[in-house]
Amino acid sequence: MKISLLGQFGSGNSGNDGSLEAMLIYLHKLRPDAEFLCICSNPAVIEARYNIRCMSVGGPALSAPWARTLDRLLLKLPRRLALLGIAIAQLNGFDLMIIPGTGILDDFQEKAFGWPFVIFCWCFVARLCRTEIAFVSIGAGPIKGRLSRWFLVSAAKMASYRSYRDDYSLEYMRSLGVDVSGDHRYPDIAFGLPLPACGPEKPAGGGLCIGVGIMHYRGWQPGESHADAIYENYIRKISAFTSWLVAEGYRVNLFMGDVTDQRACDDIVDILANTVAKADWARVEIASGGGSLHDLMKRISTVDLAVVSRYHNLVCALKLGRPTISLGYAKKNDDLMRDFGQQQFCRHIEAFDVDGLQTLFLEMLDKREAIKHQIGIVNERFQSQLLEQQQILGKQLLSAPPV
């Protein structure tokens with residue numbers, strides 16, 4: 001069986017790569033005979049990490065200066081037409097194309113001819129090549145650009161299997177005219193990843209450790225007119241909250257979920273250098289960015305409570321049973337927290353205030369044992385639901401031909 005996997009993999013986002021890994025674990029188990037092709041952002045990274053054949057999602061880059069100039073003058077039409085031809089050549093003979101997890105059906109920080117067009121192009125070619133398409137536990141919406149919406153809705157309608165990781169995604173696609181009567185609702189596939197064997201050892205003593213997930217957030221749209229103000233406001237508030245945690249005697253672990261978050265982390269550290277006493281710096285730990293979800297889970301396994309913004313930081317914290325506050329930037333965070341019965345601990349990344357966050361943290365701290373128990377119950381249910389989805393996929397799309 002020949003299976004292709006499509007997504008924003010290898011770009012430095014640990015959540016996206018974790019979704020790919022979770023799907024590969026399942027596919028290797030069910031179809032060890034399968035031949036794989038990963039169509040992704042950075043083929044070299046994914047090929048080295050998972051030992052599967054990869055190609056760039058946009059096809060080979062134009063190397064000649066004259067070709068790049070001509071392509072730009074013709075509004076990149078030549079390269080887009082070339083991508084169609086390359087996609088047909090690559091997908092010809094493939095049985096299945098899977099889009100595993102991630103918030104692939106939205107336009108967060110994307111223009112129409114970015115990922116929305118890419119997803120449409122590959123799905124269109126898959127249909128031409130009679131390759132079945134499966135969107136598995138994906139996130140959807142919002143899609144604010146009209147052309148982006150047309151590309152992504154058209155791509156979704158071409159699939160023979162669709163499942164969504166939250167109610168909002170399913171209802172959003174229904175609102176855009178997609179027939180979801182045969183679709184499914186299953187948890188994010190990253191919940192299916194194995195737990196880390198162990199994380200770094202906790203320092204002896206020192207009280208509770210609080211994980212703070214940092215995000216380089218500049219609003220939803222690329223080129224947002226108030227992007228600098230949005231970013232600076234977030235950095236100022238999360239720095240003030242972190243300083244308060246240290247002053248209250250907690251240990252703090254700063255971590256990231258994407259290589260782009262490094263700038264935000266650096267800016268926060270610069271502020272903390274002026275607000276945290278030298279004697280207290282021993283209680284501040286700063287993780288490097290760009291690791292895998294396994295690295296992230298090892299880091300989170302050393303904290304007692306967490307405050308996060310990125311969706312897959314939230315997934316990891318809940319999977320590890322940590323009471324967590326979500327400073328989310330999209331409905332997906334709120335829906336996931338609601339699934340775990342933790343909706344009272346949701347705030348928006350642009351709207352939270354420091355005093356309110358401190359009060360919310362103290363409330364979560366007071367209830368942490370009951371919260372951990374509730375999270376554990378939902379995690380067990382999620383594992384059963386993911387197993388159910390695997391059985392459906394195995395029966396509908398991955399069953400071996402009769403011997």
Side-chain angles (χ1 to χ4, degrees), residues 1-10 16 19-41 43 46-47 50-60 79-102 104-105 113-140 150-164 173 178-180 182-184 186 189 389-402:
M1 187 175 199
K2 299 177 75 172
I3 302 172
S4 60
L5 300 113
L6 171 66
Q8 293 176 321
F9 309 127
N16 290 349
S19 298
L20 172 65
E21 182 175 351
M23 179 55 67
L24 284 172
I25 289 172
Y26 168 62
L27 292 174
H28 282 307
K29 186 188 305 180
L30 186 70
R31 293 302 303 260
D33 62 317
E35 174 187 336
F36 296 109
L37 169 66
C38 186
I39 307 159
C40 59
S41 305
I46 298 303
E47 198 164 88
Y50 300 115
N51 193 31
I52 58 174
R53 186 164 69 93
C54 299
M55 68 167 289
S56 172
V57 72
R79 188 162 187 221
R80 288 168 186 151
L81 291 174
L83 175 59
L84 285 171
I86 292 165
I88 290 171
Q90 291 294 330
L91 281 186
N92 188 37
F94 269 74
D95 302 288
L96 176 63
M97 183 172 75
I98 298 175
I99 297 90
T102 78
I104 201 70
L105 296 181
F113 280 100
W115 272 93
F117 172 75
V118 166
I119 296 299
F120 168 77
C121 176
W122 282 98
C123 287
F124 176 70
V125 168
R127 285 293 296 270
L128 288 179
C129 295
R130 298 184 180 180
T131 300
E132 290 198 88
I133 303 166
F135 286 83
V136 181
S137 289
I138 54 95
W150 187 88
F151 281 145
L152 293 174
V153 170
S154 298
K157 287 180 176 179
M158 297 180 206
S160 55
Y161 178 92
R162 290 183 297 266
S163 66
Y164 307 95
M173 295 308 288
V178 177
D179 180 6
V180 299
D183 293 356
H184 305 273
Y186 287 114
I189 57 176
Q389 175 164 239
Q390 290 174 9
Q391 291 168 344
I392 291 173
L393 288 170
K395 183 177 180 181
Q396 291 186 7
L397 299 173
L398 295 164
S399 58

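On a predicted model such as this, the values are computed, not experimentally measured, just so you know. The residues of the chain are indexed from 1 along the displayed sequence. Excluded from the calculations below are hydrogen atoms, water molecules and symmetry mates; all remaining heavy atoms, backbone and side chain alike, are included.
Nearest approach of I46 to C38, heavy atoms of both residues: CG2-SG, 4.0 Å. Pairing each heavy atom of F135 with each of C123, the nearest pair is CZ-SG, 3.9 Å. Scanning all heavy atoms of the two residues, the minimum distance from E47 to C54 falls at OE2-N, 3.2 Å. K2 and G93 make their closest contact through CD-O, 3.5 Å (heavy atoms, listed as atom of the first residue, atom of the second, distance). Residue E35 comes nearest to F94 through the heavy atom pair O-CE2, 4.3 Å, listed as atom of the first residue, atom of the second, then distance.
Ring-plane geometry between H184 and Y186 is classed as parallel, the angle between the planes falling under 30 degrees on a 0 to 90 degree scale with a further cut at 60.
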Please test L37 against Q90 for side chain to side chain contact (heavy atoms under 4.5 Å, CB included), starting from the C-alpha separation and ending with a verdict.
CA-CA 9 Å; L37 169 66; Q90 291 294 330; 4.0 Å; yes
Stepwise side chain to side chain contact (heavy atoms under 4.5 Å, CB included) check, Y26 with L393:
CA-CA 10 Å; Y26 168 62; L393 288 170; 4.0 Å; yes
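Using a distance-only test at 3.5 Å, with no hydrogens or angles considered, no donor-acceptor pair links the side chain of T131 to the main chain of M97. Remark: side-chain polar atoms of R162 are not paired, donor with acceptor, to backbone N or O of V180 under 3.5 angstrom. Side-chain atoms of S41 do not come within 3.5 Å of backbone N or O of G10 as any donor-acceptor pair. Of the possible polar contacts, none joining the W122 side chain to the L91 backbone as a donor-acceptor pair under 3.5 Å is found. Counting only distance, with no hydrogens or angles, the side chain of N16 and the backbone of F9 share no donor-acceptor pair below 3.5 Å.
For F124, the CZ atom is loosely surrounded, since the number of other residues' heavy atoms within 6.0 Å does not exceed 12.
In this structure, CD1 in I119 is found 13.0 Å from OG in S154, a value given to the nearest 0.5 Å. Atom CD1 in I99 sits 6.5 Å away from atom CD1 in I133 (nearest 0.5 Å). Interatomic distance, CD1 of I138 versus CD1 of I98, reported as 13.5 Å (0.5 Å rounding). Interatomic distance, L96 CG to Y161 OH, rounded to the nearest 0.5 Å: 11.5 Å. Within the model, atoms CE of M1 and CG of L397 stand 7.0 Å from one another, a figure rounded to the nearest 0.5 Å. Distance check, rounded to the nearest 0.5 Å: CD of Q390 to CD1 of I25 gives 10.0 Å.
Here H28 and Y50 keep their ring centres 6.0 angstrom or further from each other. In this structure, F113 has its ring center closer than 6.0 angstrom to the ring center of F151.
Looking only at side-chain heavy atoms (C-beta outward), M173 and L105 come within less than 4.5 Å of each other. Annotation: side chain of D95 is not in contact with side chain of E132 (no heavy-atom distance under 4.5 Å).
In this model, a donor atom of one side chain and an acceptor atom of the other lie less than 3.5 Å apart for Q389 and S163.
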